[in-house]
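For the numbers below, each heavy atom of this structure counts, side chains included, while hydrogens, waters and symmetry mates do not.
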Amino acid sequence: MKEELISGKITRREFAQRLIALGIIGSSAGTLLTWADKAHAAKRGGRLRAGIAHGSTTDTLDPATYENGYMSKINYAIQNHLGEVDHTGNMFPELAESWDPQNGAKTWVFNLRRGVEFHNGKTLDSDDVIASFQHHMGETKSPAKSLLKQVSSIRKDGKYKVVFELTGGNADFPFVASDYHIAIKASKDGKINPTDGIGTGAYVLKEMEMGVRFFGTRNPNYFKPDRGWFNELEMLSIVDPTARSNALTTGEVDVIDRVDLKTAHLLARKSGIKVEETTGTKHYTFPMRTDTPPFDDNNVRMALKHAVNRDEIVEKVLFGHGVVGNDHPIAPSNPFHAATLPQRTYDPDKARFYAKKAGGSIKVQLSAADAAFPGAVDAAVLYKEHAAVAGIDIEVIREPSDGYWSNVWMKKPWGACYWGGRPTEDWMFSTAYMGGASWNDTFWKHDRFDKLLIQARAETDQNKRREMYYEMQQIVRDEGGVVVPMFANYVFGTTDKIEHGTLAGNWDLDGDKFHERWWYS
Amino acid sequence: MSAETHSNTESGTITPLLEVKGLRIEGLSEKGWHEIVCGVDLQLKRGEVLGLIGESGAGKSTIGLASMGYTRDGCRITDGDIIFDGLELRTASEEKKRRLRGTRIAYVAQSAAAAFNPAHRLLDQFSEAPVDHGVLSRREAEKKGRDLYRSLDLPDPENIGERWPHQVSGGQLQRMMVAMAMACGPDLLVFDEPTTALDVTTQIEVLKTIKEVVTARQVAAIYITHDLAVVAQLADHLMVLRYGDLIEMNTTGQMLTAPQQDYTRALLDARTRHEKPPSEAAESGALLTINSVTAGYRNGPDILQDVSVSVTRGQTVAVVGESGSGKSTLARVITGLLPPRSGSIEFAGERLPPELAQRNKRQLREAQMIYQMPDVALNPRQRVRDIIGRPLSFYLGLSGKERERRIIELLEQIELSDRYIDRFPGELSGGEKQRICIARALAAEPDLIICDEVTSALDTIVAQAILNLLQRLQSELRLTYLFISHDLDTVASIADKVVVFYAGRIAEQGPKSAVFEPPFHPYTRLLLSSVPEMRQNWLEETLSTREAQAGIAREVKITERGCPFNERCPAVIPDICVSERPPVQTAASGHTFACQHSPKELAS
Amino acid sequence: MIHILKIVAQRIALGLLTLLVISLFITFGVELLPGDLAESILGQSATPETVRVFRAELGLDKPAHLRYLDWLAGMATGDMGVSLANKREISELVGIRLANTLFLGGFAAAIAVPLALLLGILAALYRNSFYDRAVNVFTLTSISFPEFFVAYILILFFAIKFGWFPGISNVSTELALGDKLYRTLLPAATLTLVVVAHMMRMTRAAIINLLASPYIEMARLKGIRPTRIILRHALPNALAPIVNVIALNLAYLVVGVVIVEVVFVYPGLGQLLVDSVSKRDVPVVQACSMIFASVYILLNLSADVISIITNPRLLHPR
Amino acid sequence: MPMSNLFKEFLSAPLTAKFGMLVIFGYAVISIFAPLIAPYGETEILGGAYELWGDKYLLGTDNLGRDMLSRLIYGARNTIGIALLITVLAFLLGSITGMIAATVGGWTDQILGRIVDVLMSIPSLIFALLVLSIFGTAMPYLISVIAILDSTRVFRLARATAMNVAVMDFVEVARLRGERLGWITVKEILPNITAPLLAEFGLRFCFVFLFISALSFLGLGIQPPTADWGSMVRDNSTLITYDDITPLLPAGAIALLTVAVNFVVDWMLHKSSGLKDVS
């Protein structure tokens, strides 16, 4: 793309300016083109074997059903999206060449890259993009459907231009349009074949056994000239953490994700193995149902928020591989993270004070399962011990991992929960904190917060936007129903033969794009 | 290696083949090691047969096995010498002894059915020892097996070896074991109660085989038994043992005619027929009436066919016949365990429901049963108190002191002291166990007691004591007995009336005096002549009778047509007996029998 | 022979009945589980709307008993149906997994059964010796560790420390047999350690139990060598209980190996079943359960038949 | 039995049985007096994660900084208590139904047999997964599910052995007396099949730990923060591949108990078979 940029299709400056204006990228325009970064002498060749923590026999290639890290990594190996997040957390075009907000960010024009070929030889055009989007709209099971509700229409404007009309202004729309579900696939008669496994990605799918193994070879016609270094890509689903680290130690695989935090330091000591980590938006929470007693009383919530020793949880559940949270979901890596907001600390006295205000003793149940997040049960047990000091009685209920999301999450009054996080504040808040949002797992409704959220979405003045988001973070912190004890790092291990540039933190393994960004030394 | 090549064949008459000196053996029990053989000496020359006699616990089997240099688990030889053909077996290596066993010393066990491995064909088991010891090749061994089978008069000697142990009758199996013992041509045979578990008719058949082997092949033998009459037919010398001690040793003739010790006399006495005086309590009126009962198991044939018996109150009715004749089935029908296919049972004038479940507590209480094997008839995990006490509380509602008092009373009745009340069956001797069974039956205060072979698992002296006890109880308590037995001798001493069963049908029934006197049904005659008598040469004489020649070495077969006994009957009328049912006739002496021959013809 | 055929026919009929009951149990058991495939697959991202559409697409909007009847009709014609989750033919989906499972189970059995018999026979022969006690303690210890723990220990030594074997059993269809055996040796060894104790103890006990019987004494008195007594006289008669235990353990090797599959990343049927249960993919759960139950029933049946064949009393009635 | 007799029995036992009894006795003492013996509380968080063995924490700490030794000691109480309860329940259920099947025979036998067949042919982990997911993992459910699953094995054994006893004459005597099923099974048959049941008890008891541990693999085990050995093995098992012997402690505790229990059971079996020989 560097070449293309220089060749004048779009000037780098123009492009950057547009994005800066929109707040999509900050001042980091200089590092925009990471996939063209040649600071390292990347080499082509070899077979990359990865052991991935997820994967299930019930997985399918249909983008509407992607639900775990294994499918996500396959998704990014065989398919591309309109935009791509780089290591700074910013969005820049991938299959789009550029995008253009109009009409107060209510209308978005996406210019497509020309000459991109699908694995089946078809060339990418507007129809493919529209069909790919429509797969997630209307009568569909796709989880991206709720994201795309704001899209009132999609139309093509020529072979390489797609225009989105939104119901309201959204300055962050390129993030939405690049959601990992919305992989761009080849269309036929206005429809995509969701399970054909054909995309524009760096690797061509050769063999696939769900929940076991993926095998692909390098796409010789890949449109990113300096990406996709490996000749072959093999990904194994290795769910058991011990098995995963064993596989890396014994040389069965070259990369593993989600290193068992308990033993990460031991793994790092092994010769020939590197353990690396990135801090992203992933956070673990304890959402309380604010519509259910006793959590409908903010004093109870505040008492509980003061009754947890976040440092100890980060130390013992994350083994230091993370940072403490401040009871709101905005990560330090998010653009508008309120760093000035005082960090909430463990304060049994305050907890006792709030408990008293709430009417004396607090006795609650906390549901957890390791399906919520790894170490959730341990974290709950620690929480129990911390709260006991403040005279608060927490009974830890270990729920079965099986069916946790349908039986416990958003059903039981207080539980443990996992959030991959969202790259933008608006997206995160709209998804889980706006009154009435379908994943509002605290069933929280705050008028001032909801008003600010709508305003900030369409606001293009960065400073005003920042102020609004800061205030919202404070509201959630002091009045919301969520305890956010920690942001967890993505920790992964590789052999020391693997090299890479600066790592992205939006997903595990370099934004789930390790296969196209890394190379063998 | 065979008998003929042994070095001391010529000198055999001078040096004893086996010499045991001062043998002491200890056994392990709960209470530790205690002596079970207390210094026994014996000598055996080639061609001699030594009988070891005694009750259970006398140590006779232990001595028999020790003479092979073998002790069972939980036994150890503590002193003495066992010298076989110059070799000291006590100190010999296990390997040396192993080479002797099966080749030069062979063993014949009590129960062939248990001692043959159920997993292998008979001829394979025959060949095993000679082939394994390298005496014969496999082919030679099999040929030898067939030859032996033939010379021992086994049926179908060419093919019987291809059968499995369970496919051969008990008597034949026992004989095949004798053949197997002869496989390597041994110098010494140890027979360990080889006929104890058999019917009298079968016993003769096995004794005949043993006799042939011992006399014709001139081997030395030790014959272990508790039955003097049996061993008298074979042994040159007898040794009487009791509790591991030698009581008396003498030649057979001397022992039979002039026993020196009281114990020996008691043994002899127990084998002598004791006639029972007719029960004075004999009242009119039948307590139990069995009306033309036909019965069988599941889909099988009729085991009982048209059986009618009536039992008078206060009397003893004996049911006799060989195994397989349906005697025990009759008991099961009476107790309700096996509802009859047709016919009915009346008890004290009341028709009993055919099924056990339909009978009421009183009906159940009135008829009690005593079993053949006291070992399995008593729950090994219950104390005597619970065993006897249960019917007391169950039927009579006794409890506490009253129950305790009654238990002790019952123990007295069966001549046991109240010290027994806390014992487990495992701590009792066979006779004591059977007494407890009797006490349990008495506890129900029954009118009728069904005694199913109650003495056949017991030693002779013990059995006699049990019979005496039963008779005493009968006169004291006005009991009625239905006494099932295969042993005519036993029956003779206790019965008022005798019913002879053959293949599920009544061959003959009537007052004891009438049945035991001519005219005899041919089957009764066979049974009577098969009872060993306490004299030498009885075996040879019996074998020469036409009853024995026709009747032994055959099994009871259930048939639908004709007379079931026709195959074994010396007086068979070829066409008629096979096809026609024998008519039931009444003889002058007041007994009935089923036979084509008239009473007059049978009287001769 | 007719006797055996009759028993086999009877058992097969009973087995089919058992299968029917199990299928009912499984269907309605899974049905009773909170949530369905749509909710499970959508997971955290389920909304009422997407769930409704998904359900309609899967046919989950039909009542459970109708779906069960459909399934039953399919089974009767040999059609196992398609997976709800990924629309693949279940026969094809299950086929590869079953082959893998049977391969691993067979491999483990090929080591474990002879080993257990050998150890058991030797223990019976040298009972109460040091060898006997040592084997007893070793096998008891090996079964008292959880399977995954045994697996980790084996991995620690043979994969990580000595590097002789791979730490995971990454098998694919194109592997040569030797390679496949090499890669599955550690899981097979784990399973062996898990099952060998039970079979060995039973072998020892069954043989020792018979050593007191008269025909063994008879064999001793015939001067037969101790080894031969055990092998030829005791073993054939002890086979029935031993075979029963072997059948139970073989069934376990096929049915109960989920955890070993997880630890060694071995693509077997157990993993598929657990995945499918957690995703409520009823047809796949049904198919796997039917296979497992059939394996169990067939193994028990074979044990019965072997018991009959090795027992001349039953094979050659009088 | 008076104390002195017990002591005599103990002295007469072979070395292995003595060892087994001592171990069991030790475990019992530890279980009963856990709060007195343990240096710290069961759930008390004391220090950092995985502190090394030392004076303060004899066996170090676990991943949450709880004292390993105290967890092991409390674990004995919980694990043995639960396993014992489950095994006893399984034996009650299995042996009673097994004996009824053997004694009554006919349809009762057939129906019970088929039910057990069904239960046994469903993989037990799947069965547990289904039931526990439906009803929740509260202790009563956990205990009943494992007890039911285990009782099927006991049923088979009890039925097979009771069949052999049911044909004995003394059972016929009881039947002829008109005794009811309850008496026949409990008083006549049960005392005669205790030996094989006992042997099975030894193994079953230990399998219960393992099953609980396997369930914790699926997240269905005993509720935290209760210490139980099975879950402790599971929680720390990853360490073993890094040469850390921490998980060996709970695993070793299970193994030691298994071996000890089976030593004692073997001896008792030997004794009871010896009794049979005398009778």
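Other residues, nucleotides and ligands contribute only 12 or fewer heavy atoms inside 6.0 Å of the OH atom of C/Y126. For C/F103, the CZ atom is densely surrounded, since the number of other residues' heavy atoms within 6.0 Å is greater than 12. A 6.0 Å sphere centred on CE of C/M75 holds more than 12 heavy atoms belonging to other residues, nucleotides or ligands.
Contact annotation for B/Q125: both backbone and side-chain heavy atoms come within less than 4.5 Å of a heavy atom of chain C. Contacts of B/A114 with chain C are made by both backbone and side-chain atoms, with heavy-atom separations under 4.5 Å. For a residue to count as touching a neighbouring chain, one of its non-hydrogen atoms must lie under 4.5 Å from one of that chain's; by this rule C/R228 touches chain B with the side chain only. The contact between B/F116 and chain C is made entirely by backbone atoms, counting heavy-atom distances below 4.5 Å. Proximity to chain C is limited to the side chain of B/L65, based on heavy atoms less than 4.5 angstrom apart.
Nearest heavy-atom pair across B/A109 and C/M218 is CB-SD, 4.4 Å. Of all the heavy atoms in C/G223 and B/D132, the pair that sits closest is O-OD2, 4.5 Å. Scanning all heavy atoms of the two residues, the minimum distance from B/R98 to C/P226 falls at CD-CD, 4.3 Å.
Atom CD of B/E128 is separated from atom NZ of C/K222 by 4.5 Å, given to the nearest 0.5 angstrom. Note that CD of B/E94 is 14.0 Å distant from CZ of C/R225, once rounded to the nearest 0.5 Å. If you take CZ on B/R101 and CD1 on C/I224, they are separated by 11.5 Å, rounding to the nearest 0.5 Å.
Between the side chain of B/H120 and the backbone N or O of C/R232 there is at least one donor-acceptor pair closer than 3.5 Å. A distance-only check finds no donor-acceptor pair linking the side chain of B/N117 to the backbone of C/Y215 [under 3.5 Å].
Interface remark: of the candidates B/A119, B/A129, B/P118, B/P118 forms the most heavy-atom pairs closer than 4.5 Å to chain C.
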Task: Evaluation steps, side chain to side chain contact (heavy atoms under 4.5 Å, CB included), between B/V190 and C/L221 - done: CA-CA 10 Å; B/V190 178; C/L221 293 173; over 6 Å; no

